[in-house]
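Contents: one structure, followed by commentary.
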Amino acid sequence: MASTDEARMLTVTARQNLTSDVVELTLRSLDGSPLPAWKPGAHIDLRLGADLVRQYSLIQTDDPSTWTIAVLVEPEGRGGSKLIGETVHVGSVVEVGGPRNHFPFVTGDRYLFIAGGIGVTPLIGMCRNAQADGADWRLVYAGRNRLKMAYVDQLEAEFPDRVEIYDLSEGQLFSVEDAISELDTDTHVYCCGPESLLDAVEDAMGAPSRLPYVHVERFRPREPAGFSENVEFTVYAQTSDVE
């Protein structure tokens, strides 16, 4: 099986419009060889150009020989999703790096999964793992409009007693503070979505004893606080004695 550190060329074997602005892509190796295994929370890099790389969470499916991602196509975004929406179709060959996992699913007895919009994608596999492990868990899935919330019907059908949907267009508001205040202190809280949602979760889980139980994944790096001058500095690696 190929290394997860190398880039590989994959072909798009299926493309599906999940909503008016979310596209699901299924990827397979050109020669049909197995793709590296991965665990919930992992993502891949789509290398769309020399300086255009975008990360997308892998979605758990029944076919381990393929990788599946969902892309929110944003015409006013930074360009990557728009390019995918316009130019990546069945038969397209794309360069992919990974998978990598900076949002790993840890073993526990209780979980609260909180998804904002397309942030639901890495949480789907976590929900399935929690269910298989017999854990106590629930998924809160919030979005601006149910019609634009990918996988919402599938998740409700698969886990009818575990999924809570909050549709802002219907006036359904989710209170992060109230939800977290009701949790047992050893409940793992996983959240992926807009910055405002992640910040609210981190604030609500702010007690030092609870910090090991909060896990968030951001769509882009957190903006630095305040102004910081960009100056040269030296890094010394003690183990390898390299400066």
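When hydrophobic clusters are built by joining Ile, Leu, Val, Met, Phe, Trp and Tyr residues whose side-chain heavy atoms come closer than 4.5 Å, directly or via intermediates, V53 is not grouped with L46. Residues Y151 and L168 do not share a hydrophobic cluster, clusters being chains of Ile/Leu/Val/Met/Phe/Trp/Tyr side chains in contact below 4.5 Å. Under the 4.5 Å side-chain heavy-atom criterion for ILVMFWY residues, no single connected hydrophobic cluster contains both V93 and Y56. M9 and V12 sit in two unconnected hydrophobic clusters of ILVMFWY residues. Membership requires side-chain heavy atoms under 4.5 Å apart, directly or through other members. I118 and L147 sit in two unconnected hydrophobic clusters of ILVMFWY residues. Membership requires side-chain heavy atoms under 4.5 Å apart, directly or through other members.
Contact check for V120 versus M149: no side-chain heavy atoms found under the 4.5 Å cut-off. Counting only heavy atoms from C-beta outward, the side chains of V189 and I114 approach each other to under 4.5 Å. At a threshold of 4.5 Å between non-hydrogen side-chain atoms, the residues D136 and R162 count as touching. Between V23 and I84, the closest side-chain pair of non-hydrogen atoms is not below 4.5 Å. Side-chain contact between R54 and V71 is absent, with no heavy atoms from C-beta onward closer than 4.5 Å. Using a 4.5 Å heavy-atom threshold, the side chains of L58 and I69 count as touching.
One distance of note links CG of D161 with CD of E156; it measures 11.5 Å at 0.5 Å rounding. The structure places CD of Q55 at 8.0 Å from CZ of R100, a figure rounded to the nearest 0.5 Å. To the nearest 0.5 angstrom, L25 atom CG is 11.5 Å from T66 atom OG1. Note that CG of L123 is 7.0 Å distant from CZ of F113, once rounded to the nearest 0.5 Å. Between F159 atom CZ and W137 atom CH2 the span is 4.5 Å, to the nearest 0.5 Å. The line from CD of E217 to OG1 of T121 is 7.5 Å long, rounded to the nearest 0.5 Å.
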Chi angles and distances behind the side-chain contact (heavy atoms from CB on, under 4.5 Å) call for N101, W38: CA-CA 8 Å; N101 199 335; W38 56 277; over 6 Å; no
Pair D31-S33, side-chain hydrogen bond (donor to acceptor under 3.5 Å, both in side chains): steps then yes or no: CA-CA 6 Å; D31 61 0; S33 60; 2.7 Å; yes
Stepwise side-chain contact (heavy atoms from CB on, under 4.5 Å) check, N129 with M126: CA-CA 5 Å; N129 270 33; M126 296 186 187; 5.6 Å; no
side-chain contact (heavy atoms from CB on, under 4.5 Å) assessment of T87 paired with S92: CA-CA 8 Å; T87 67; S92 296; over 6 Å; no
side-chain contact (heavy atoms from CB on, under 4.5 Å) evaluation trace for H43 with H102: CA-CA 8 Å; H43 71 270; H102 306 305; 3.5 Å; yes
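Contact between R8 and P36 at its shortest, heavy atoms only, is NH2-CG, 3.6 Å. Contact detail for S65 and L35: the closest heavy-atom pair is O-CD1, 3.6 Å. Taking both residues in full, the closest heavy atoms of S169 and N145 are given as OG-ND2, 3.7 Å, listed atom of the first, atom of the second, then distance. Counting all heavy atoms, side chain and backbone alike, G206 lies closest to L211 at O-CD2, 4.2 Å. Taking every heavy atom of both residues into account, T11 and S29 meet most closely at CG2-O, 4.4 Å. Contact between G98 and W67 at its shortest, heavy atoms only, is O-CH2, 3.8 Å.
Within 6.0 Å of the CZ atom in R128, the count of heavy atoms belonging to other residues, nucleotides or ligands exceeds 12. Around the CD atom of E177, the shell of radius 6.0 Å holds no more than 12 heavy atoms that belong to other residues, nucleotides or ligands.
Using a 3.5 Å distance cut-off with no hydrogens or angles, the side chains of T185 and R210 do not pair a donor with an acceptor.
The backbone N or O of I59 lies less than 3.5 Å from no partner atom in the side chain of T68, so there is not a single donor-acceptor pair. The backbone N or O of D184 sits nowhere less than 3.5 Å from a side-chain atom of R110 that would complete a donor-acceptor pair. Checked by atom type and distance alone, the side chain of D21 never pairs as donor or acceptor with a backbone atom of E74 at under 3.5 Å. For R218 (side chain) and E195 (main-chain N/O), no donor-acceptor pair under 3.5 Å exists by modelled atom type.
In this structure, Y190 and F103 have perpendicular ring planes: the angle between them is above 60°, well past the 30° mark. Using the six-membered ring where Trp is involved, Y213 and H188 have ring planes that are tilted, between 30° and 60° apart.
Partners of R138 according to the salt bridge (Lys or Arg N to Asp or Glu O under 4.0 Å) rule, which considers only residues two or more places apart in sequence or in another chain, are E164.
Looking at D167, T19, D153 one by one, the single match for side chain to side chain donor-acceptor pair (under 3.5 Å) with R146 turns out to be D153.
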